[in-house]
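Below, chains carry the letters A, B, ... as their sequence lines are ordered, and counting in each starts from 1.
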Amino acid sequence: MTTSDSGASSDFIRARVAEDLRTNKWGGRVVTRFPPEPNGYLHIGHAKSICLNFGIAQENEGGVCHLRFDDTNPCTEEIEYVDSIKEDVRWLGFDWGEHEYYASDYFEQLYEWAVELVKKGKAYVCDLDAEAFKEYRGTITLPGTNCPSRDRSVEENLDLFERMRAGEFEEGEYVLRAKIDMASPNMLMRDPVMYRILKASHHRTGDKWCIYPMYDFTHGQSDSIEKITHSICTLEFEVHRPLYDWYCEALGIYHPQQIEFARLNLTHTALSKRKLIDLVEGGYVTGWDDPRMPTISGLRRRGYTPEAIRDFCGRIGVAKADSTNEIEMLEHCLREDLNKRAARVMGVLNPLRVVIENYPEDQVEEMDAVNNPEDPAAGTRKLPFSRVLYIEREDFMEDPPRKFYRLSPGREVRLRYAYFVRCVDVVKDENGEVVELHCTYDPETRGGNTPPDGRKVKATLHWVSAPHAKEVEARLFGHLFKDKRPGANGTDWLASCDPDSRQVLPKCYVEPSVANAKAGDRFQFERKGYFCVDRDSTDEKLVFNRTLSLRDTWARVQRSEKRKGR
RNA sequence: UGCCGGAUAGCCAAAUUGGUAAGGCGCCUGACUCUGGAUCAGGAGACUCCAGGUUCGAGCCCUGGUCCGGCAACCA
């Protein structure tokens, strides 16, 4: 697989574009488009399409990608969605320049084209009610039959269609249909509806229209108007292609090439619009931008970077086979990006108090800490160290199993950038629960360095000085669904939704340097994962979302030890 | 039962005009390490859906099957 500058791999669509360029099919032009319907929020699946369309445009000299809103159904569309879609595409890092279009801007042209087809005897007004309409259409195995109004005269059709536009009829009374073939094995070719009456006001055209064109009578012509070269869409539109072609040919207009690819599916999540709505409305998540949602806004709030998402979209490839990518792939891309750029910081999620017995009562030292070992330019910072600290509760075990080499009674570990400390006492409450550790430190290990005697420790722990610590809230997230493929083989997909996928830790401690962090800022809490500041943060208390944990080899060791039955 | 499309390791996914199966993720080892992170080195894993055929040679071509997906909104 060859890799281009954008990081995208070559695929059958890019190969096709290259071939068209070679044969000069489109006069050297490459014009694609991303055509969302403004009736919902964009998700990671849309990102795949966005990266594909904008990517192809970028990779080719003079290539352009349009952002076009497919707004032909006023009943479900809203301006709010238009705005969120624009924000998301922009955030992903793509620029459509002045090429922002709306199918609704083509309504007049579309109407004229409809009239033209009527005049050519290729379209007619049909008065079948919904039930009869269905009967005449036939079934998947039985051909349909011509409805009586199919033979209406051109004059009468023209008059009726004009009156439909004028608002003389009620919804459902009439529709305009293309006269194709009621016996076609392709259901979409059985005289598809071109226009329906909808007495709804449109978010852009207001009440100017009461008839609205259907997707099929809009999409191809919009592509045509915009001189799109490659109209890339997902597989379910494959059966629409003959109709797409039919309209362009019947109208004798510029005819773009529709190409279909398989939409993205991801394990442990749901991507259909319907399911996402159910999650929000059912209260399974806190909203469209819940950090567990696969929506662009959810991923953004979670702390994903546009770079990671783009990298992911480039790596998964584009093909025609239905496929489900493992979410681990997405997470890998994220870790790779965040590892390079996230500033390291000390943050203790489940605090356990530690007193350094031999450390002077009121002494405070400033320890030098590296901000990002992957990026020397990120510099260093000072970390206050004192007699009372917090360490991670799970970094101590009174009775450690084999292979656990963190702190335990009598054992010595390194406190990162600070000192070697040895656990000398364990304080418990009346329930026998460990509430405090007493340790001694070795002054010769200042900075965390190996002492003159060459003594080694097997673990390095993160810590926070208690008097200097800032209390924050941390929200940890797991996969939204327990099952890899929720709803697979007839199971209830919603039952697989994991209520414990969101865990709130109200009392965590972070080092003082992050005190002025702002919403959206990203950090790596050393050894604990990547975090970003949530917008729920207040002046009094910062709220952190854990974007993703670090790769956890210890967890893996535990798993394998368990398997071995130790 | 009709039409359209698809099928290459656990998951994605490559393979110029048929020339003898890339890569990534994941998994497993080992090295290194002041993050059990990162990095580096190595490894396991594919009768290319099946059965025939053409050919010196087939993942690619032909025939016949199998399985999976999509299509019967006045949604997109």
For nucleotides 58-60 of chain B, print each protein N/O atom paired with a nucleotide N/O atom at under 3.5 Å, atom names and distance only.
none

* **Heavy-atom donor-acceptor pair, A/Q524 side-chain to B/G37 base, under 3.5 Å** => no
How many whole angstroms separate atom [atom1] of [X] from atom [atom2] of [N]?
X	N	atom1	atom2	value
A/R485	B/C68	CZ	C1'	12 Å
A/E19	B/U16	CD	P	13 Å
A/K456	B/G36	NZ	P	15 Å
A/L334	B/G26	CG	C1'	17 Å
A/L407	B/G36	CG	P	13 Å
A/I391	B/U35	CD1	P	17 Å
A/E561	B/C28	CD	P	13 Å
A/R263	B/G6	CZ	P	18 Å

* Asked: Could A/R422 and A/Y441 be counted as a cation-pi pair, given that NZ or CZ must be under 6.0 Å from the ring centre and within 45° of the axis?
  -> no
Mind checking what makes salt bridge (Lys or Arg N to Asp or Glu O under 4.0 Å) contact with [X], not counting sequence neighbours?
X	answer
A/D181	none
A/D105	A/R204
A/D71	none
A/R150	A/D191

* Side chains of A/H462 and A/R527, donor plus acceptor under 3.5 Å -> yes
* Please figure out whether A/P373 or A/E328 has its closest RNA chain B nucleotide nearer the 5' end. => A/E328
* Structure fact -> Between A/F12 and A/L330, whichever has its closest RNA chain B nucleotide further toward 5' is A/F12
* B/A73: syn or anti, per glycosidic angle within 90° of 0 ->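 In terms of base orientation relative to the sugar, B/A73 is syn.
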* Under the 3.5 Å Watson-Crick or G-U criterion, the dot-bracket string of RNA chain B, with | for inter-strand pairs -> .((((((..(((......[...))).(((((.......))))).....(((((..]....))))))))))).....
* Structure fact -> 5' to 3', nucleotides 38-45 of chain B under a 4.0 Å protein heavy-atom cut-off (B base, S sugar-phosphate only, - none) gives S-------
* Summary of protein contacts for nucleotides 69-76 of chain B, nucleotide by nucleotide, where a base hit scores B, a sugar-phosphate-only hit scores S (4.0 Å, heavy atoms) -> SBBBSBSB
* Asked: Taking only N and O in the side chain of A/H462, is any of them less than 4.0 Å away from OP1 or OP2 of B/U35?
  ->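 The answer is no; no side-chain N or O of A/H462 sits under 4.0 Å from OP1 or OP2.
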* To do: Considering just the side-chain nitrogens and oxygens of A/H332, establish if one lies under 4.0 Å of OP1 or OP2 belonging to B/G26.
  =>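 Yes, within the criterion.
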Taking atom [atom1] in both [N] and [M], compute the distance separating them and give it to the nearest angstrom.
N	M	atom1	result
B/U1	B/A46	C1'	36 Å
B/A44	B/U20	C1'	23 Å
B/C61	B/U48	C1'	16 Å
B/A13	B/C49	P	14 Å
B/G65	B/C28	P	45 Å
B/G23	B/A41	P	13 Å

Where do N or O atoms of nucleotides 47-50 of chain B meet protein N or O atoms at under 3.5 Å, pair by pair?
none

Please tell me whether [X] and [Y] form a close aromatic pair, meaning their ring centres lie under 6.0 Å apart.
X	Y	result
A/Y195	A/Y212	no
A/Y419	A/F385	yes
A/F237	A/Y244	no
A/F523	A/Y530	no
A/F107	A/Y102	no
A/F481	A/H268	no

Could you check which of [options] has an atom nearest any side-chain atom of [X]?
X	options	answer
A/R556	B/G5, B/G36, B/C27	B/C27
A/E326	B/U35, B/G24, B/C11	B/C11
A/R406	B/G6, B/C25, B/G36	B/G36

* Applying salt bridge (Lys or Arg N to Asp or Glu O under 4.0 Å), which residue pairs with at least one partner in residues 330-349 of chain A are found, sequence neighbours left out? ->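 Listed once each, the pairs are A/E307-A/R341, A/R315-A/E336, A/D337-A/R341.
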* Contacts of type side chain to side chain contact (heavy atoms under 4.5 Å, CB included), residue A/R163, not counting sequence neighbours -> A/D159, A/L160, A/E168, A/F169
* For A/F261, which residues count as a side chain to side chain contact (heavy atoms under 4.5 Å, CB included) partner, sequence neighbours excluded? ->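 A/F12, A/I13, A/K48, A/S49, A/L52, A/I232, A/T234, A/V318.
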Base, sugar-phosphate, or nothing: which does [X] touch, judged by heavy atoms less than 4.0 Å apart?
X	result
A/Y136	nothing
A/S184	nothing
A/Y417	base

[X]/[Y] ion pair, N-O < 4.0 Å:
X	Y	value
A/E366	A/R381	no
A/R68	A/D223	yes
A/D483	A/R485	no

* To do: Decide yes or no on side chain to side chain contact (heavy atoms under 4.5 Å, CB included) for A/E444 and A/F420, but give the supporting numbers first.
  => CA-CA 9 Å; A/E444 295 205 292; A/F420 279 19; over 6 Å; no
